[in-house]
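All remarks here apply to the structure that follows.
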Amino acid sequence: MTFVPDPPAPEGWSAGDLAALGRALDGFVAGDAARMARLGAAALEELAEPFDLWQLKVALRAFDVRLANLLLGAGAVRFRDLGESARDRYLLGWATSHLPLRRTTFQAIKRLALFLAYADPGPGPAPNPAWATMGYRPRWEPPTSESSAVRPLGVDRSPASGTPLELEADVVVVGSGAAGGVVAARTSAAGRSVLVVEAGSSWPEAEMPTDELTAFKRMFLSRGLSANADLSVAILAGATLGGGMTVNWTTSIDAPQAVREHWARDHGLEGFDGPEGDADFARIRAELRVGPTESVAIKDRLLIEGCHALGYEAAPNERNTAGCRDCGGCTFGCRVGAKRAGIRGHLGIAAEHGARFLVDAPVDRVRIERDRAVGVEGRLLILDEQGMPRGPGRPFRVRAAQVVLAAGALRTPVVLLRSGRAHPWTGHGLRLHPVPALAGMMKEPVEMWVGPLQSARSLQFLAPGPAASAYPGPAHGPFVIESAPPHPGLSGSAFPWSGRTDSAAFMARLGHVAPLVAIVADRGAGRVGLSRTGRPRIDYRIAPQDASTARRALMEMARISRAAGATSIVAIGTPAAWFGRDGRTDDRAFQTYLEHLAARSLAPNRTGLFSAHQMGSAPAGADPRTSVCDPWGRVRADTSGRVTAGLFVADGSLFPSATGVNPQMTIMAMAERVARAVNAEG
């Protein structure tokens with residue numbers, strides 16, 4: 001077991017501000033308030049916009065100002081003087097406020113508090129005491145003894161060197177996830193000199209984390225705390241060598257044929273719907289050993305049983321693994337080397353053909369001369385003694401005849417914007433596959449964190465459908481139902497909170513919880529842009545037609561959970577929607593519950609929404625007026641159709657619409673198209 005030492009007090013936080021944050025965090029969950037405050041402040045200092053951070057500090061100070069609380073309707077009280085039940089009422093007043101800013105503040109503190117309380121293994125020598133209460137025991141298999149062919153470059157990172165680091169390649173690939181790996185493999189195999197530049201760090205498999213706190217800090221974008229601007233959608237995205245392929249749950253589903261045909265017919269992606277696309281998917285499946293899951297965990301069996309009891313389609317997933325065991329550590333990277341992706345997949349193939357890898361190297365912009373991409377530039381990160389970034393270091397420049405952006409749909413458009421590629425649709429068209437979630441409490445232990453983390457799914461509602469006839473239920477767009485396997489920290493941050501004691505009681509029973517999620521193929525879209533300080537900003541609000549689909553998905557998940565034997569059910573949101581908690585579990589009570597879900601508010605921070613799939617923010621297509629890239633990933637300079645020579649996008653940013661299924665296979669198939677174009681022009 002790895003323990004996390006007590007962190008120092010972060011710069012920029014006074015003793016009073018830390019104490020105020022600690023009191024607020026302690027209001028949500030009992031624990032070491034001072035330690036949680038230091039951990040939380042460090043995360044907020046790194047992630048939050050300066051103005052947003054200032055607002056949060058002002059709000060926390062106001063907790064203990066009688067006049068401020070009186071004006072906000074809480075009475076002339078100070079938060080520090082309140083008993084637990086009064087603190088609960090105070091916080092819930094923020095949760096359900098008609099003011100969006102108060103709801104956003106509640107979500108920020110609640111998610112941080114519950115994540116830290118249950119993800120933190122503690123400073124040692126004993127593990128987090130809450131784990132034993134809920135029956136959580138990390139099951140780590142002996143790490144692999146094999147080594148990968150991927151070896152990041154060792155470079156001088158100190159700005160004291162006085163000069164930028166200069167590198168050259170035929171092709172520079174920005175990002176090392178699903179798309180970057182494919183492009184690097186194909187271009188290096190064609191005899192090209194390839195350099196992969198990754199903003200995140202590289203972790204040998206045997207040294208990958210064994211606890212949530214370290215894993216999210218090291219391997220996820222924004223420490224796993226990323227979200228849209230109003231925090232109404234919590235976003236998970238990989239930020240390490242191998243990208244999402246290193247930390248995802250390995251579900252491997254090809255793009256539905258209807259989606260492939262739509263992209264080919266309506267967006268000009270020639271060949272994607274026919275034999276050429278078939279060959280791309282088949283090649284990827286063979287290379288990554290995609291096949292049936294090697295075992296089906298309890299939570300996944302419950303999904304299948306519940307679906308079959310209702311006459312719905314459900315089956316085990318196909319996954320890109322070989323030798324997967326029951327440790328359940330997929331979210332932290334695979335210490336046993338069973339994931340056939342990243343360094344054991346296309347990055348490994350690229351390394352065997354001579355590709356080089358520069359890590360801890362965020363790219364700021366593409367260098368463009370006379371309308372031709374000639375390379376990239378950025379700044380190396382300086383690492384601390386634990387191998388974590390502690391600040392910017394030496395600048396770097398890469399000179400290359402071709403630049404391929406594969407930094408993901410949340411960062412590729414940002415690089416384009418900073419590079420002056422101002423196509424009006426850059427950053428627009430962002431799809432998040434907004435995910436509503438629901439959980440059933442089972443009589444027997446489930447231990448959702450054990451076994452292959454996502455080994456079942458139901459495609460019953462993959463196609464749009466009408467309103468239900470036998471029970472209330474709106475018409476719906478496409479959605480897929482899957483199991484959800486979070487560990488305690490992610491669970492705590494996601495599940496509803498209605499009071500400190502109530503939350504602790506729920507978390508103590510976490511081992512009996514079987515969560516379900518629905519991937520909604522969003523037809524509405526958001527935007528990735530730049531904030532006033534130049535940081536990435538995600539603006540997204542679920543569209544009305546997608547909200548209707550999310551409601552229908554909640555209803556169907558409730559029916560599946562009940563059919564699988566759940567004694568009570570909760571739809572995640574603020575406030576939560578419970579069935580069976582009051583002891584009423586008859587058909588009439590369940591009908592009333594379904595009616596409630598059918599009318600559930602999808603306003604920001606009402607129903608909990610999550611995203612692990614981001615796509616569409618630099619869409620490909622034949623129409624230069626609405627497509628940032630052409631059908632082969634070449635970046636357009638403007639709406640005339642003129643392209644920037646040597647500049648390509650290869651990742652999920654290219655998607656003209658949401659796939660409606662886990663996108664990793666489609667991302668790689670699109671990258672195959674782009675790689676062919678890169679090689680043809682090289």
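Among residues two or more places apart in sequence or in another chain, the ring pair (Phe, Tyr, Trp, His ring centres under 6.0 Å) test is passed with F216 by F115, F220. Taking the salt bridge (charged side-chain N to carboxylate O under 4.0 Å, His left out) definition, one finds that D32 meets it with nothing, sequence neighbours left out.
Atom NZ of K217 has 12 or fewer neighbouring heavy atoms from other residues, nucleotides or ligands inside a 6.0 Å radius.
A donor atom on one side chain and an acceptor atom on the other are not found under 3.5 Å apart for E556 and S458. Side-chain contact check for S531 and R537: no donor-acceptor pair (N or O, by modelled atom type) lies under 3.5 Å.
Contact check for R319 versus C324: side-chain heavy atoms found under the 4.5 Å cut-off. Residues V513 and P515 meet the side-chain proximity criterion, which asks for heavy atoms closer than 4.5 Å.
Among the candidates R23, R87, R89, the single residue satisfying the side-chain contact (heavy atoms from CB on, under 4.5 Å) test with L82 is R87.
Of all heavy-atom pairs spanning N128 and A117, the tightest one is ND2-O, 2.8 Å. When all heavy atoms of P125 and F3 are compared, the pair lying nearest together is O-CZ, 3.1 Å. Annotation for L438 and L554: closest pair CD1-O, 3.6 Å, computed over non-hydrogen atoms. Minimum heavy-atom separation, R600 to R606: NH2-O, 3.7 Å. Nearest heavy-atom pair across S601 and A603 is OG-N, 3.1 Å. Scanning both residues, A41 and P10, for their nearest heavy atoms gives CB-CG, 3.4 Å.
No donor-acceptor distance shorter than 3.5 angstrom exists from the side chain of R80 to the backbone of A20, with no hydrogens or angles considered. When atom types are taken as modelled, the side chain of E212 and the backbone of G489 share a donor-acceptor pair closer than 3.5 angstrom. N605 contributes no side-chain N or O that, together with a main-chain N or O of A95, makes up a donor-acceptor pair within less than 3.5 Å. Of the possible donor and acceptor atoms, none in the side chain of T240 sits under 3.5 Å from a partner among the backbone N and O of G200. Counting only distance, with no hydrogens or angles, the side chain of R66 and the backbone of R78 share no donor-acceptor pair below 3.5 Å. For T549 (side chain) and V520 (main-chain N/O), no donor-acceptor pair under 3.5 Å exists by modelled atom type. A donor-acceptor pair under 3.5 Å is absent between the side-chain atoms of K110 and the main chain of L91, judged by distance alone. Remark: the backbone N or O of G224 is not paired with any side-chain donor or acceptor of S222 at under 3.5 angstrom. Side chain of T105 to main chain of L101: a donor-acceptor pair is present (N/O by atom type, distance under 3.5 Å, no hydrogens or angles). Side chain of S493 to backbone of L490: a donor-acceptor contact under 3.5 angstrom is found.
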Atom pairs and distances, donor-acceptor, side-chain atoms in residues 442-453, under 3.5 Å, two or more places apart:
| residue | atom | partner | partner atom | Å |
| --- | --- | --- | --- | --- |
| E447 | OE1 | R139 | NH2 | 3.2 |
| E447 | OE2 | R137 | NH1 | 2.9 |

Exercise for review: Begin from the C-alpha positions of D522 and R431 and carry the test salt bridge (charged side-chain N to carboxylate O under 4.0 Å, His left out) through to its verdict.
Suggested key: CA-CA 6 Å; D522 39 343; R431 269 73 173 196; 5.3 Å; no
**Study point:** Residues T251, E482; criterion side-chain hydrogen bond (donor to acceptor under 3.5 Å, both in side chains); working and verdict
**Key:** CA-CA 10 Å; T251 296; E482 296 177 338; 4.8 Å; no
Exercise for review: Give the intermediate values and the outcome of side chain to side chain contact (heavy atoms under 4.5 Å, CB included) for residues I481 and Y312.
Suggested key: CA-CA 11 Å; I481 297 175; Y312 290 174; over 6 Å; no
Exercise for review: In sequence, state the C-alpha distance, the side-chain angles, and the governing distance for F79 and N69, and then conclude on side chain to side chain contact (heavy atoms under 4.5 Å, CB included).
Suggested key: CA-CA 9 Å; F79 186 75; N69 286 322; 5.5 Å; no
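For the atom pair H98 NE2 and R103 CZ, the distance stands at 9.5 Å (nearest 0.5 Å). Put simply, CZ on F506 and CH2 on W497 are 14.5 Å apart, with the number rounded to the nearest 0.5 Å. Atom OG of residue S483 and atom CG of residue L516 lie 7.5 Å apart, to the nearest 0.5 angstrom. Once rounded to the nearest 0.5 Å, the distance linking OG1 of T96 with CH2 of W94 reads 12.0 Å. Atom NZ of residue K299 and atom CD of residue Q454 lie 8.5 Å apart, to the nearest 0.5 angstrom. Note: S611 OG to I538 CD1 = 8.5 Å, rounded to the nearest 0.5 Å.
Annotation: cation-pi pair R552/F479 absent, no NZ/CZ under 6.0 Å from the ring centroid and within 45° of its normal.
Outside the 6.0 Å centre-distance limit, the rings of F332 and W203 are not counted as a close aromatic pair.
Checked for salt-bridge contact, R535 and D52 miss the test: no charged N lies under 4.0 Å from a carboxylate O. Salt bridge status for R61 with D17: present, with a side-chain N to carboxylate O gap under 4.0 Å. Salt bridge R541/D546: absent, no basic N to carboxylate O contact under 4.0 Å.
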